[in-house]
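Values below: every heavy atom of this structure, side chains too, minus hydrogens, waters and symmetry copies. Residue numbers count from 1 along this sequence.
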Amino acid sequence: MAHVVPSLDQPSNYKDSQSKIERQKQFDLLSKSTTLYVGNLSFYTTEEQIYELFSKCATPEEGGGVKRIIMGLDRNSKTPCGFCFVEYYSHAEALACLRYISGTKLDERVIRCDLDIGYREGRQFGRGRSGGQVRDEHRTDYDAGRGGWGAQAQRMEMERRREMEQRYADAQEGPGAVAGGGEDWKAASAPERTQQTLKRGRSPEDEDVYRGSRRMRVDDHDGEAERM
């Protein structure tokens, strides 16, 4: 049955595209590697959570343990972007992680572990065009744990919004522009309408005429009453 069930502690056939080491040399390094590449992490998973999980495969009684954890970072924002490197003190501990941790859940995500030829400075940064991982560059689904939509989908949405805003601005400023929304015309015409609806105040001359006409109406009324 050994040839039917694949071994869980074997590295994958992945080859670092930026590594200039020959494949046979890589196999030799992996055969004694103490470093793991861990992928499919949530952007919000902390180093403390990773340490707690991967310490379960450590053997401190034999002089082992987690040596260090290098969090993968977005090249531009310097924030976690979904992967890390875990270094142990022994090759056996790294193999134990392939057997018992790879394929399990951390932060509700199934994580992936693989033997790595060894960390070197610069590998902690994403290689995608937007600064993160390449896999998130072309992702078309929405993944809340990995920043929402893929970077390419986000760029397309931003371009679409800019195009709509530009069209709106051209319609407001170009020849044959239409009236804008927001009821700006009301505010512009309010002073004119206010002036039209305000009553003209009475002058002293108007007051004299008004009082005189009122006395005449009262006198006429009294005269009618006497005739009756």
Side-chain angles (χ1 to χ4, degrees), residues 5-19 30 33-61 64-158:
V5 180
S7 177
L8 297 178
D9 58 2
Q10 294 298 313
S12 70
N13 292 324
Y14 170 77
K15 182 181 184 299
D16 186 358
S17 61
Q18 294 189 1
S19 175
L30 292 175
S33 173
T34 61
T35 304
L36 288 170
Y37 171 89
V38 184
N40 201 38
L41 292 171
S42 167
F43 287 6
Y44 307 103
T45 299
T46 64
E47 185 174 337
E48 289 76 14
Q49 290 175 284
I50 297 170
Y51 183 87
E52 181 181 1
L53 176 61
F54 283 83
S55 292
K56 298 182 183 300
C57 291
T59 55
E61 65 280 359
V66 177
K67 185 177 181 181
R68 64 171 175 167
I69 296 172
I70 301 99
M71 298 295 292
L73 302 176
D74 185 288
R75 187 174 63 254
N76 300 323
S77 64
K78 304 301 185 292
T79 56
C81 64
F83 72 98
C84 74
F85 296 94
V86 178
E87 288 187 357
Y88 285 98
Y89 284 99
S90 70
H91 179 64
E93 292 171 312
L95 293 181
C97 285
L98 295 185
R99 296 191 190 101
Y100 306 121
I101 293 183
S102 185
T104 61
K105 279 190 174 182
L106 177 61
D107 260 1
E108 300 302 318
R109 300 186 68 84
V110 178
I111 61 174
R112 180 181 76 256
C113 302
D114 200 3
L115 285 178
D116 190 82
I117 59 175
Y119 171 78
R120 68 177 182 277
E121 188 62 30
R123 292 189 64 196
Q124 75 270 36
F125 298 120
R127 299 175 181 176
R129 176 183 172 187
S130 300
Q133 288 192 273
V134 176
R135 57 166 293 193
D136 290 314
E137 193 71 28
H138 305 287
R139 182 167 49 79
T140 57
D141 62 322
Y142 183 86
D143 190 337
R146 296 187 68 89
W149 297 104
Q152 186 173 358
Q154 292 183 23
R155 284 197 302 271
M156 292 176 63
E157 177 63 17
M158 291 175 63

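Here CD of Glu47 is found 11.0 Å from CZ of Arg68. Values are rounded to the nearest 0.5 Å. A distance of 8.5 Å separates CD1 in Ile111 from OG1 in Thr45, rounded to the nearest 0.5 Å. Between Cys81 atom SG and Arg127 atom CZ the span is 11.0 Å, to the nearest 0.5 Å. Atom CE of Met71 sits about 15.0 Å away from atom NZ of Lys78, to the nearest 0.5 Å. Atom CZ of Arg146 is separated from atom CD of Gln133 by 5.0 Å, given to the nearest 0.5 angstrom.
Formation of a donor-acceptor pair under 3.5 Å by the His91 side chain with backbone atoms of Ser33 is found in this model.
Inspection of the Arg112 and Asn40 side chains reveals no N or O donor paired with an N or O acceptor under 3.5 Å. Side-chain N/O atoms of Glu137 and Ser130 include a donor and acceptor closer than 3.5 Å.
Around the CD atom of Glu108, the shell of radius 6.0 Å holds no more than 12 heavy atoms that belong to other residues, nucleotides or ligands. Counting non-hydrogen atoms of other residues, nucleotides and ligands closer than 6.0 Å to CZ of Arg99 gives a total above 12.
Heavy atoms only, all atoms of each residue included: Leu115 and Ala94 are closest at CD2-CB, 3.8 Å. Residue Val110 comes nearest to Gly103 through the heavy atom pair CG1-O, 3.5 Å, listed as atom of the first residue, atom of the second, then distance. Smallest separation of non-hydrogen atoms from Leu73 and Pro80: CD2-N, 4.0 Å. Across all their heavy atoms, Ser102 and Cys113 have their closest contact at OG-N, 3.1 Å. Across Lys56 and Glu52, no two heavy atoms sit closer than the pair CG-O, 3.7 Å.
Counting heavy atoms from C-beta on, the side chains of Val66 and Val86 come closer than 4.5 Å. Within the 4.5 Å cutoff, the side chain of Gln49 has heavy atoms near those of the Asp107 side chain. Side-chain contact check for Phe54 versus Ile101: some heavy-atom pair is nearer than 4.5 Å. Using a 4.5 Å heavy-atom threshold, the side chains of Glu93 and Cys57 count as separate. In this structure the side chain of Val38 never reaches within 4.5 angstrom of the side chain of Ile50, judged on heavy atoms. Residues Tyr88 and Leu36 have side chains in contact (heavy-atom distance under 4.5 Å, counting atoms from C-beta outward). Counting only heavy atoms from C-beta outward, the side chains of Leu41 and Cys84 approach each other to under 4.5 Å.
Residues meeting the salt bridge (charged side-chain N to carboxylate O under 4.0 Å, His left out) test with Arg75, sequence neighbours left out: none. Every side-chain contact (heavy atoms from CB on, under 4.5 Å) that Phe85 has, sequence neighbours left out, goes to Thr35, Tyr37, Ile70, Phe83, Asp116, Tyr119, Arg123.
Classification of Arg109 and Asp143 as a salt-bridged pair holds, one side-chain N sitting under 4.0 Å from a carboxylate O.
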* Asked: Would Phe43 and Thr79 satisfy side-chain contact (heavy atoms from CB on, under 4.5 Å), going step by step from the backbone distance to the final call?
  -> CA-CA 8 Å; Phe43 287 6; Thr79 56; over 6 Å; no
